[in-house]
Amino acid sequence: MKNRWVSGLLYALTGSVIMLMVSILLGGEPYWNGIIGFLRGGFTYGAFFRPVMEKKMKSK
């Protein structure tokens, strides 16, 4: 279970940092709604969806 939380936090951090850099490069100032969305989406993917998908791929 601990591995799922670490993975979720890693994906959340990575996605939000990338979104921060892209929003600064393209718009000149951070787009906070997008950054928060990538933070939530990255955590959801890393903690919940990715482990299920990996389990399905291993069974094939």
Cluster link [X] to [Y], ILVMFWY, side chain under 4.5 Å:
X: F48; Y: L9; value: yes
X: L25; Y: V17; value: no
X: V22; Y: L20; value: no

Checklist entry - How long is the gap from CG on L10 to CZ on R50, to the nearest 0.5 Å? => result 8.5 Å
Checklist entry - How far does CG of L39 sit from OG1 of T44, to the nearest 0.5 angstrom? => result 9.0 Å
Checklist entry - Is a donor on one side and an acceptor on the other found under 3.5 Å between the side chain of T14 and the backbone of Y11? => result no
Checklist entry - Counting N and O atoms only, with roles assigned by atom type, does the side chain of S23 sit under 3.5 Å from a partner on the main chain of M19, one being a donor and the other an acceptor? => result yes
Item to check | Heavy-atom pair of closest approach, residues P51 and A47 | outcome: CG-O, 3.7 Å
Checklist outcome for this item: Between I35 and P30 the two heavy atoms that sit nearest each other are CD1-CB, 4.0 Å
Next on the checklist: Suppose we screen for salt bridge (Lys or Arg N to Asp or Glu O under 4.0 Å). Which residues come up paired with R4, at least two apart in sequence or across chains?
Outcome noted: none
Next on the checklist: Test salt bridge (charged side-chain N to carboxylate O under 4.0 Å, His left out) on K58 and E54; report intermediate values, then the result.
Outcome noted: CA-CA 6 Å; K58 283 183 183 178; E54 283 183 352; 5.4 Å; no
Checklist entry - Under a 4.5 Å cut-off applied to non-hydrogen side-chain atoms, are F38 and F43 in contact? => result no
